[in-house]
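Within every chain, numbering begins at 1; the chains are lettered A, B, ... in the order of the sequence lines, protein sequences first and strands thereafter.
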Amino acid sequence: MNLATDIQSWIELIRQPWHWAVSGAAISGILFLMTWMGKHFGVSSTFKNLCTLAGAGKKHAFFDENLKDSYWRFAFVLGALGGGFLASQFLSSPEAVAISASTIEHLQQDWGFDYPQGHGFLPVDFFNFSNPMGILLAIVGGFLVGFGSRYGNGCTSGHAITGLSHLQLPSLITVIGFFIGGLLMTWGIMPLLFG
Amino acid sequence: MRLISFFSVGILFGIIMTKSEAVSWFRIHEMFRFESFHMYGIIGTAVVLGAIIIAAMKRFKIKTLSRSMVSYTPMALSVKRHLLAGSIFGLGWALIGACPGPMFVLMGQGFGIMAVVLASATLGTYAYGIFQNKLPH
C-alpha cells in the first residue's frame with residue numbers, strides 16, 4: 001500500500017461520525033496537551049484578552065494586564081478557527097448531524113424549524129444576516145455567554161472540563177448553574193421566542 | 001515556536017469539536033431536552049478520563065514544559081456567584097447553542113453570523129469588567 005492510499009483510508013476513517021466515547025477521549029487528550037504545555041485549558045478568557053487588546057485596560061483596571069502572557073490563547077483560538085475550517089472542508093461526514101428523532105419532531109412541529117439545515121450544526125434559516133430577529137438573538141446570546149463566563153471565571157472548557165478534572169467544587173456548582181440557565185432558556189424562554 | 005504549538009493544538013481542538021458534534025446548536029438543544037445521551041457521554045468521558053490524567057500527572061510528578069508541577073489555584077467558594085454566573089452563561093449557551101470554544105470553531109466552519117456572536121461575547125465580558133463591583137462575588 002502506498003502512502004497516498006494510506007492517508008486516504010485514514011481520512012475516510014476520521015470522516016465518519018464519531019462515537020461519543022471517542023470524542024470524549026479526544027477532548028481529554030486536548031486537556032492533557034494543554035496541561036502538559038503548562039496552561040489551564042480555558043477559552044473564555046480570550047474575550048477578556050480581546051478587550052485588553054482594544055484598549056479597555058486604560059479605562060478599567062480589570063482589563064489592565066500584560067497581553068504577552070495571553071498570546072498563546074490567541075494562537076489557540078486561531079487554530080480552533082483553522083481546525084473548524086479544515087474539518088468542515090475535508091473531514092465532514094456526508095450526512096448531517098444525526099440528532100434524535102424526537103428533537104427533530106419537536107423542532108418541526110413546535111417551531112417550524114426544518115431539519116437538517118446548516119449540515120446539522122446551526123439553524124441557519126433563523127440565524128442569518130437577513131433575519132433581524134436572528135441577529136438580535138445572536139447578539140443577546142453572545143452577550144450572556146461573554147458576561148456569564150467572566151463573572152463565573154470560566155466557561156465549559158475551564159469549568160466543565162478543566163475544573164471538574166481537578167475535582168473543583170466551585171466548578172461543579174458553576175456547571176450546575178450552566179444547566180439551570182440552559183434549562184430555563186430551552187423550556188421557558190425559547191418556546192416564547194420561537195413558538 | 002511555542003505559539004505554533006498552541007496553534008497546532010487549537011487546530012486539533014477545532015477538528016475534534018467539529019467531529020464530536022459538540023459545536024452543533026442542535027446537539028446542545030437536544031441535550032437540554034434530555035433527548036439524547038450524546039453530549040452527556042462526551043462530557044462524562046472527557047471528565048472521567050481528564051480526572052484520571054490530572055491525578056496521574058500529579059501522582060507521578062510529571063513536569064510541564066514550563067518546568068512547573070501540575071497544580072490548580074482554587075477559586076474562593078461562593079455558591080451564589082457560581083450559580084448566578086453559571087445561569088447567565090447557561091441562558092446564552094442554550095440560546096445560541098455554542099459556548100466560547102465552539103463559537104470560534106463554527107466561525108472557521110464558515111458560519112459568518114458567529115462573528116456577531118463573538119463580538120457580542122467580547123462586549124459582554126467588557127460589561128462585566130465595568131459592573132463587577134456591583135455584583136455579588
Side-chain angles (χ1 to χ4, degrees), chain A residues 18 20-21 23-24 26-28 30-33 37-38 43-44 47 50-51 60 62 72 75-77 79-85 87-88 97 99-100 102-103 121-122 127 138-139 141-148 150-152 155-156 164-166 170 173-174 177-178 180-182 185-186, chain B residues 3 6-7 9-11 13-16 18-21 24-26 30 32 35-36 38 41-42 45-47 49-51 53-54 64-66 72 75 77 82-83 85-92 94-96 99-101 104-105 108-109 111 113 116-117 120-122 124-126 128-129:
Chain A
W18 292 8
W20 51 260
S23 303
I27 292 171
S28 70
I30 297 286
L31 173 73
F32 168 74
L33 283 173
M37 288 159 85
V43 178
S44 67
F47 301 131
L50 286 172
C51 288
H60 303 281
F62 178 67
W72 68 271
F76 180 84
V77 297
L81 228 110
F85 173 77
S88 66
V97 176
I99 61 169
S100 76
S102 42
T103 307
F121 281 99
L122 192 75
F127 289 109
I139 292 172
F143 190 91
L144 290 169
V145 167
F147 188 95
R150 207 67 273 119
Y151 183 16
C155 61
T156 335
L164 288 186
S165 293
H166 281 271
I173 301 172
T174 307
F178 291 169
I180 294 173
M185 177 56 73
T186 304
Chain B
L3 288 182
F6 285 108
F7 180 73
V9 179
I11 287 189
F13 175 76
I15 292 172
I16 290 170
T18 301
K19 291 311 297 181
S20 74
E21 300 169 352
S24 161
W25 183 97
F26 298 98
E30 177 189 61
F32 282 126
E35 287 175 328
S36 165
H38 188 85
I42 291 176
T45 309
V47 170
L49 291 179
I53 289 168
I54 297 295
T64 66
L65 291 183
S66 42
Y72 195 93
M75 268 180 90
L77 184 68
H82 303 320
L83 284 181
S87 300
I88 294 170
F89 177 92
L91 284 169
L95 180 58
I96 47 151
C99 45
F104 288 98
V105 178
Q109 285 189 16
F111 295 105
I113 193 92
V116 175
V117 178
S120 184
T122 306
T125 297
Y126 183 65
Y128 169 73

Task: Which atom of B:V116 lies closest to which atom of A:I139, heavy atoms considered - done: CG1-CG1, 3.5 Å

Task: Residue A:I99 versus chain B: region with a heavy atom under 4.5 Å - done: both

TODO: State, to 0.1 Å, how close A:F47 and B:A121 come at their nearest heavy-atom pair, and which atoms those are.
DONE: CZ-CB, 3.7 Å

TODO: Please confirm whether the backbone N or O of A:T103 pairs with a side-chain atom of B:E35, one donor and one acceptor, at under 3.5 Å?
DONE: yes

Task: Point-to-point distance, once rounded to the nearest 0.5 Å, from CH2 of A:W18 to CD1 of B:I15 - done: 7.5 Å

Task: Distance (rounded to the nearest 0.5 Å) between B:I11 CD1 and A:F85 CZ - done: 11.0 Å

Task: Most chain B-contacting option - heavy-atom pairs closer than 4.5 Å, from A:G152, A:P170, A:G38 - done: A:P170

TODO: Please examine the side chains of A:L50 and B:T125, heavy atoms only from C-beta on, and report whether any two atoms are closer than 4.5 Å.
DONE: no

- [ ] Against chain B, work out which of A:G148, A:G79, A:A26 has the most heavy-atom pairs shorter than 4.5 Å and name it.
- [x] A:G79

- [ ] Heavy-atom pairs under 4.5 Å with chain A are the metric here; pick the option from B:G10, B:G14, B:A94 that has the most.
- [x] B:G10

Open item on the list: Can you tell me how the ring of B:Y128 sits relative to the ring of A:F62, calling it parallel under 30°, perpendicular over 60° and tilted otherwise?
Closed with: perpendicular

Task: Heavy-atom pairs under 4.5 Å with chain A, option from B:L49, B:I54, B:V117, B:I53 with the top count - done: B:I54

Task: Pick from B:F104, B:F7, B:F26, B:F13 with the largest number of heavy-atom pairs that fall under 4.5 Å of chain A - done: B:F26

- [ ] Considering non-hydrogen atoms only, spot the tightest contact between B:A46 and A:S165 and give its length.
- [x] O-OG, 4.3 Å

Open item on the list: Please find the pair of heavy atoms, one from A:M185 and one from B:L95, that lie closest to each other, and give the distance.
Closed with: CG-N, 3.7 Å

TODO: For the residue pair B:I16 and A:S23, establish whether any side-chain heavy-atom pair is separated by less than 4.5 Å.
DONE: no

Open item on the list: Counting only non-hydrogen atoms closer than 4.5 Å, does A:L122 touch chain B with its backbone (N, CA, C, O), its side chain (CB onward), both, or neither?
Closed with: both

- [ ] Flag the pair A:F127 / B:W25 as yes when at least one side-chain heavy-atom distance between them is below 4.5 Å, and no otherwise.
- [x] yes

Task: Partner chain A: residue of B:G129, B:S36, B:S24, B:G101 with the largest heavy-atom pair count (under 4.5 Å) - done: B:S24

- [ ] Identify the heavy atoms of B:G50 and A:S28 that sit nearest to each other, and give their distance.
- [x] N-CB, 3.9 Å

- [ ] Find the distance between CZ (A:F178) and OG (B:S87) and round it off to the nearest 0.5 Å.
- [x] 9.5 Å

- [ ] Report yes if the side chains of A:I173 and B:L77 come closer than 4.5 Å at any heavy-atom pair, otherwise no.
- [x] yes

Open item on the list: I need the minimum non-hydrogen distance between B:L83 and A:I180, along with the two atoms involved.
Closed with: CD2-CD1, 4.0 Å

- [ ] Look at A:F121, A:F32, A:W72 and state which one has the largest set of heavy-atom pairs under 4.5 Å with chain B.
- [x] A:F121

Task: Closest-packed option against chain A by number of heavy-atom pairs under 4.5 Å, given B:I96, B:L91, B:T18, B:I88 - done: B:L91

